Amino acid sequence: MPTIKLSFCKAMKNNKLTAYFDQFKTGLLQTYPGLGLSYFEECFILSQLSIEEFLKKVNEKIPLEYITGKAFFYNHYFMVSNSVLIPRCETEILVEMALSYLASLTCLEVVVADVGTGSGNIILSVVNDTNKKIRAIATDLSFDALVVARKNGACLQKDDSEVIFVQTDRLLGVDEQFNLIVSNPPYIKRQLDEKKVHASVIQHEPHMALFLEDSQYEAWFTDLFAQVRDKLKPGGMFLMEGHEDHLEKLQELAMQMSLAKVQILKDYNNRNRFLKAFKE
Ligand SMILES: C[S@@+](CC[C@H](N)C(=O)[O-])C[C@H]1O[C@@H](n2cnc3c(N)ncnc32)[C@H](O)[C@@H]1O
């Protein structure tokens, strides 16, 4: 009997969700491009909210990942809050490149840094998908982002690896030499690029994760590249995600900071998206 009651309840809720989806589909698709009913239902279940609370948040156009508190990235669900960027699918390419670099190394143990770790999605994906033993330092300037990253770390760390989350500016004060440094730093110029960013991103995602001041942009990356050069082991690799319009300038800066074999790589939309460099 209780089972029948429960499924009846679920069916009623699903009816309400389906009716809402059908009625507001056009608006929903503007807020959540590509949204289908089954994913909408999945988000409702993941959110563990009442249907009224769930739809209230949907009406406020809050990203579904922030409503559910979860985002899927490279084989795993990551806990997210509005203190961290919602992981993007193009960043999965950076994870793949990091993994293939690690696979090419002959040593069994490697030291990795992740600058601007956010939810910890990059470093924890790398740790979980490589057969190397990893010691990693993941930094972020945001205390609240690190709270989220540490929770993800507690769920996703592997027994033979260690990820330490540190609050600092890029790699300042980090006293290690790395085989690999990865980063998806803030890379949107606040004045020049902001108008090209989706309103929902500006409204809901942390600005510290997105923007750098135009006037400080080049100095910020010059400092990052200097830290990377000083903290990479000889032969070590640096991999960074960046803005399609600014990577050529950053390539120049990286070369000026004595990084070697600096290369721009494209994403699956054929847009400049990543910078790869080595320490000789
Ligand atoms: C674009 S988000 C990337 C988050 C995550 N790694 C990802 O790929 O989704 C950039 C991250 O860098 C952090 N950040 C911003 N300025 C920083 C700085 N000076 N030093 C370290 N982290 C910084 C932000 O708080 C944010 O978490």
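Predicted, not measured: the structure shown is a model, and the values here were computed from it. Atoms within each ligand, like the ligands themselves, are counted from 1 in listed order. Counting begins at 1 with the first residue of the sequence.
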- [ ] Check whether the side chains of Asn75 and Asn128 place a donor and an acceptor atom closer than 3.5 Å, and report yes or no.
- [x]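 On atom types as modelled, these side chains do not qualify, holding no pair under 3.5 Å.
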- [ ] Check the side chains of Gln251 and Gln263 for a donor-acceptor pair under 3.5 angstrom, ignoring hydrogens and angles.
- [x]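 No pair is found: no donor N or O on one side chain lies under 3.5 Å from an acceptor on the other.
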Task: Shell of residues surrounding ligand 1, defined by a 4.0 angstrom heavy-atom cut-off that is strict - done: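 Ligand 1 is contacted, at a heavy-atom distance under 4.0 Å, by Leu85, Pro87, Thr91, Gly116, Thr117, Gly118, Asn121, Ile122, Asp140, Leu141, Ser142, Thr168, Asp169, Arg170, Asn184, Pro185, Pro186, Met208, Ala209, Trp220.
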- [ ] Please say which of Asn272, Leu192, Ile188 ends up in a side-chain contact (heavy atoms from CB on, under 4.5 Å) with His246.
- [x]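 The option that passes is Leu192.
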Task: Those residues that, when tested against His76, pass ring pair (Phe, Tyr, Trp, His ring centres under 6.0 Å) (two or more places apart) - done: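 Partners of His76 by the ring pair (Phe, Tyr, Trp, His ring centres under 6.0 Å) criterion come out as none, since no residue qualifies.
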Open item on the list: If you apply the rule salt bridge (Lys or Arg N to Asp or Glu O under 4.0 Å), what do you find for Lys266 with Glu90, and how did you get there?
Closed with: CA-CA 10 Å; Lys266 293 190 184 284; Glu90 58 270 26; over 6 Å; no
TODO: May I ask you to check whether Phe40 and Phe54 place their ring centres under 6.0 Å from each other?
DONE: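 Yes, ring centres under 6.0 Å apart.
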